Amino acid sequence: MTERYAIILAAGKGTRMKSKLYKVLHPVCGKPMVEHIINRVEETAPAEIITIVGHGADKVKEQLGDRTKYALQAEQLGTGHAVLQAENFLKGKPGTTLVISGDTPLLTSETLQNLFDYHQGKNASATILTAKAEDPTGYGRIIRDHVGIVEKIVEQKDATLEEARIQEINTGTYCFDNELLFDALSKLDTDNAQGEYYLTDIIEILKSEGKNVAAYLTEDFDESLGVNDRVALAKANEIMRQRINHQHMVNGVSFIDPAATYIDDGVVIGAETVIEPGVYLKGNTVIGSDCVITTNSQIVDSTIEDGVVIKTSVVEESIVRSGADVGPYAHLRPKAEIGVNAHIGNFVEVKKATIGEGTKVGHLTYVGDATLGKDINVGCGVVFVNYDGKNKHHTTVGDHSFVGSNANLIGPVDIAANTIIAAGSTINKDVPEGAMGIARARQENKEDFAKRFPFFQE
Ligand code: UD1
Ligand code: CA
């Protein structure tokens, strides 16, 4: 088998995005476009991957790490000039080189594999991946002769009216004979509407040298969508979202409205889980089987085990163990760990705290920097007072304890197992096992006092 190489073009600024973020780093379903590209490229197993960086080079390198080598294109003089920057790595090596843009995130590795196979089958020196676009505006057009043989690619800005009507477009993805590619690149000029070194002109150069140029037409135009502006970015997100949700449904996940459910690439969901509209599942999130995630929940970088119900809540960097339920309107902040069958009710915030198995924190409570054991009942409005303005302090509550409503537990404090904290108490001393901690003024009733109040009516 001939050696394979890949060049990813990622040096452009992406002017049309009107963004501080470099174009290829804009996310599609949670991952930067260029990361989707490298994932697909890796699936075709090239011997070397060279990424051309320029604008935002450091950020792109940070994103892709050592999965690729890098060639710097100091000035963005066009796609042909960009590919030329890889010459130190690849020039003169026999093999096939895939060239792909960092802004076509929907291409599948299956299509790339088909392109390699077609290129090899045709024994071509270059093969263009093409597609039929309903609206080809903005793309390079594929010009074929009267028997259908590819002659050249004409950019939108250089096209005659007649050429502009052609619907077959250049996806910006190609296979080249590596040695011929670098020979031809040195012959490019900038004699065109944009004054750039166009990679697309390589086709005409190879043709003029009598080389065999092929085009492989993909069925699915959607795959070749090039993201140059935010309109296309939204479209790319929509298409990828459909693909992702489709796969989850095939795997046994139910959606009430898949078009209104937003799941990042890479999120794992078990079978029989039901997801309501408006839900976002982001980043490195894993959801178990038989869960219900109700409308407008957001779950980020979290693990939700089997049989959990998350009702309209925000969960970040947390773990919810099996059988637990959360919400409505709860907020699990980083490092919350909710135990098996535990209950977190409405308007409860949990941060950096472990809630033991079967423990209930039902209403309007803040639990921060705490370890709660099993089968505890935390009443309404309890505050774990963890911050003194400078440092955070930890509180523990032992198994089978009962924390009455509106208690303040001022950390650091250690409340042992089987204790009671009287409602309304402000606790700042440890409570030993089996005791009741009570810390509030004793009630006094003043006879006939109410009558003296203006409110009172005879
Ligand atoms: C390019 C093709 C066009 C094709 C379209 C498909 C050329 C001349 N045109 O146009 O035929 O239909 O892609 O999406 O190739 N880049 C660099 N350095 C540069 C210029 C660009 O690295 O000097 C990178 C960009 O970051 C981007 C890619 O190359 O990832 C494509 O550049 P872009 O400006 O988006 O080209 P298009 O105008 O879309
Ligand atoms: Ca583009």
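Note that ligands are numbered from 1 as they come in the structure, with each ligand's atoms numbered from 1 the same way. As the structure is a prediction and not an experimental result, all values here were calculated from the model. The first residue of the sequence shown is numbered 1, and numbering continues consecutively from there.
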Ligand 1 versus [X]: contacting region, heavy-atom distance under 4.0 Å:
X: T171; value: backbone
X: A82; value: side chain
X: E196; value: neither
X: A10; value: backbone

Under 4.0 Å between a Lys/Arg side-chain N and an Asp/Glu carboxylate O for [X] and [Y]?
X: E168; Y: R144; result: yes
X: K392; Y: D369; result: no
X: K69; Y: E48; result: yes
X: R67; Y: E42; result: yes
X: K31; Y: D264; result: no
X: R241; Y: E238; result: no

For [atom], which of the options [options] provides the nearest non-hydrogen atom?
atom: atom 23 (O) of ligand 1; options: A71, G14, G140, G78; answer: G78
atom: atom 39 (O) of ligand 1; options: N228, I7, I142; answer: N228
atom: atom 17 (C) of ligand 1; options: R141, K157, Q73; answer: Q73
atom: atom 36 (O) of ligand 1; options: E155, Q194, H81, R16; answer: R16
atom: atom 35 (O) of ligand 1; options: V60, I128, D103, N192; answer: D103

Can you tell me which residue among Q156, E155, E163 is in a side chain to side chain donor-acceptor pair (under 3.5 Å) with R141?
Q156

Let me check something: any side-chain donor-acceptor pairs from residues 323-341 under 3.5 Å, sequence neighbours excluded? List them with distances.
unit_1: D325; atom_1: OD1; unit_2: H343; atom_2: ND1; d: 3.1
unit_1: D325; atom_1: OD2; unit_2: H343; atom_2: ND1; d: 3.0
unit_1: H331; atom_1: NE2; unit_2: E316; atom_2: OE1; d: 2.7
unit_1: R333; atom_1: NH1; unit_2: E349; atom_2: OE2; d: 2.6
unit_1: E337; atom_1: OE2; unit_2: R321; atom_2: NE; d: 3.3
unit_1: E337; atom_1: OE2; unit_2: R321; atom_2: NH2; d: 3.0

For [atom], which protein heavy atom lies nearest, and how many Å away is it?
atom: atom 28 (C) of ligand 1; result: S101 OG, 3.6 Å
atom: atom 13 (O) of ligand 1; result: G172 CA, 4.4 Å
atom: atom 25 (C) of ligand 1; result: G12 N, 3.8 Å
atom: atom 15 (O) of ligand 1; result: T79 OG1, 2.7 Å
atom: atom 22 (O) of ligand 1; result: A11 N, 3.0 Å
atom: atom 24 (C) of ligand 1; result: L9 CB, 3.7 Å
atom: atom 12 (O) of ligand 1; result: N170 O, 2.6 Å

List ligand 1 atoms under 4.0 Å from [X], heavy atoms only on the residue side.
X: Y198; answer: 8 (C)
X: Q76; answer: 23 (O)
X: K23; answer: 35 (O)

Is there any N or O on Y139 that sits under 3.5 Å from an N or O of ligand 1?
no

With a 4.0 Å cut-off, strictly under, does atom 1 (C) of ligand 1 pick up any protein heavy atom?
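Within 4.0 Å: no protein heavy atom nearby.
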
Ring-plane angle category for Y262 and Y280, please: parallel below 30°, perpendicular beyond 60°, tilted otherwise.
parallel

Matching residue for V41 among T51, T68, I49 - test: side-chain contact (heavy atoms from CB on, under 4.5 Å):
I49

Whether I52 lies under 4.0 Å from ligand 1, heavy atom:
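It does not, in that no heavy atom of I52 comes within the 4.0 Å cut-off of ligand 1.
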
Does H55 have a non-hydrogen atom less than 4.0 Å from ligand 1?
no

Q73 and H81 side chains, donor-acceptor separation under 3.5 Å:
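There is such a pair (donor and acceptor under 3.5 Å, judged by atom type) between the side chains of H81 and Q73.
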
Would you list the protein N, O or S atoms within less than 3.0 Å of the Ca ion (ligand 2), leaving out water?
D103 OD2, N228 OD1

